[in-house]
Amino acid sequence: MKRVLSYALIAIAALLTAGSALAHHSFAMFDQSKTVTIQGTVKDFRWTNPHVFIQIMVKNDAGVEQEWSIEMTSPEHLARVGWKPVTLRPGDKITLNIHPMHDGSNGGQYLSGIGPDGQPLIGAPTPSQGQAK
Amino acid sequence: MISGRLAFTSAILLCCAASLAAQTRMPDWSGQWEIVGAAPSVSGGFKDSLDQVLKEMQWSPPNKPEVQARVNVIDAEERKRIEAIQRGEDVAVTGPTCTFGFPMIMIDSPLMFEIVPTPKETALIFSGREVRHVYTDGRAHTPKDELWPTPWGDSIGHWEGETLVTDTIAVKSPFPDTGPDFLPILAAGGEAGQAQLVSYLSSQAHFVERIRMVDRDHLEDQMTIIDPVNLTAPWHLTRTYRRVANLHRMVYESCEGDGEDRNPIVNGHYTIRPPRSRATFPTPVPADAPAGQATAPK
């Protein structure tokens, strides 16, 4: 999946030089108009810069497991709301709400989720600024 | 001999006490801070929508008509880009920088920061590894013939009680190819990191800030921007910073090497990823290679 950075501000350079964009972020690959819910089992939780990824095995309509790659924000941003490198572990059964890929491939932009304990994952869209898990 | 040691020890203690006294006059702004209204979301964008950010900021830059006209043109271009994204077109761009520069680092950045006040200097240290140095030792601004613009400018300041008053000049855009008179001021928000240009400043822009703690968990920066070239009047902004709730140490963004992590943590364990297929830098020259011969990137 294409590497993305989350800072809209950064892209002003492109705006000024190419007159085409205020946002640096490659959110274009995600369909912001759609929200999809997927359920599956965590394969890997990749605590990586510049963005964190959840690799999750999801069964398709034919019952065949496929690997999805779900992109989050940076480790620094996630840590500020209580995420840790071990917040998710292989084998965790989770549910994720995502903006899917435009091209239909198995990936998306993380929005929110339900953890293995049945509780919302940290940083669900609430007015507060994060709940330590 | 003993009295000499006592005198020496006393001198050291007095020195330490004086230093401590000076230090204790500094306000305690320890901890990590984030801009209210610019906090990042877990999805990679911002918690607040762009409309919310604009409303909260109550931004009304006194742009000169010709500046506002150019802002409108650029925003129209941005709207076209957003519409293209909504149609599914990949029109986004990438860039390797984490630099926000001043004043954006203070008014609409998702990066957290620490403030370290000392009697002679206050340092503002940001998680993108940018640092602002505000000298409070009574010096004047750097002489004109020794000064050149940078993305963080030249800052001096003084204390009025527990309020840090700063004065900053010689600021330029951190972005390439923008020229000396286009310092963009943006508002950003939303899941997709949507941004809107609200003004741009010239190289003559002059910034005055009054930074103070309003309560235990909030700091405030009252900023006045004076730019006789692009603004019709001083522009007053107030930004509030909130104490970061869940993190009690500085954690940096990884901006070096295009921010690509070659040593990721996977499932809580340190790992090493295979090299990228396309090398970024030339590989080392073999020891027996002729002088001046470099190995081309693959």
Side-chain angles (χ1 to χ4, degrees), chain A residues 2-33 44-51 71-83 85-86 89-90 99 102 109-112 121-123 125 129-130 132, chain B residues 32 34 39-47 74 77-78 81 84-86 88-95 97-98 100 104 108-112 127 173 175-178 182 184 186 188 191-197 242 244-247 251-254 258-261 264-268:
Chain A
K2 186 188 291 184
R3 181 179 68 82
V4 296
L5 292 174
S6 61
Y7 310 134
L9 173 62
I10 292 170
I12 195 68
L15 166 73
L16 300 173
T17 55
S20 63
L22 274 168
H24 164 271
H25 200 295
S26 294
F27 277 117
M29 61 186 172
F30 303 121
D31 187 344
Q32 302 290 328
S33 68
D44 284 323
F45 183 45
R46 298 179 176 272
W47 190 258
T48 59
N49 274 297
H51 282 190
E71 183 163 6
M72 307 181 78
T73 187
S74 71
E76 184 256 322
H77 291 350
L78 286 173
R80 278 157 61 176
V81 293
W83 282 76
V86 293
R89 298 174 186 275
H99 285 322
H102 267 300
Q109 177 190 6
Y110 177 89
L111 298 175
S112 62
L121 288 169
I122 304 165
Q129 60 169 317
Chain B
Q32 289 71 46
E34 63 183 5
S41 72
V42 293
S43 64
F46 295 89
K47 282 183 178 176
I74 293 170
E77 289 294 317
E78 172 63 1
R81 191 188 72 86
I85 288 175
Q86 290 169 342
E89 297 175 22
D90 189 349
V91 294
V93 295
T94 57
T97 178
C98 282
F100 276 70
M104 288 308 302
D108 198 16
S109 149
L111 303 178
M112 66 175 181
S127 60
S173 166
F175 308 114
D177 305 324
T178 57
F182 200 113
L186 296 158
E191 282 174 4
Q194 184 186 353
Q196 180 173 320
L197 185 69
R242 167 176 60 207
V244 173
N246 294 295
L247 197 60
V251 175
Y252 292 106
E253 295 282 349
S254 179
D258 274 359
E260 186 144 356
D261 202 335
I265 306 296
V266 179
N267 304 328

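Below, chains carry the letters A, B, ... as their sequence lines are ordered, and counting in each starts from 1.
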As an exercise, state the distance from [atom1] of [X] to [atom2] of [Y], rounded to the nearest 0.5 Å.
X	Y	atom1	atom2	value
B/Ser41	A/Gln109	OG	CD	7.0 Å
B/Met112	A/Arg80	CE	CZ	6.0 Å
A/Asn49	B/Tyr252	CG	OH	14.0 Å
B/Ser127	A/His77	OG	NE2	6.5 Å

With a 4.5 Å heavy-atom cut-off, do A/Leu78 and B/Val42 have their side chains touching? yes
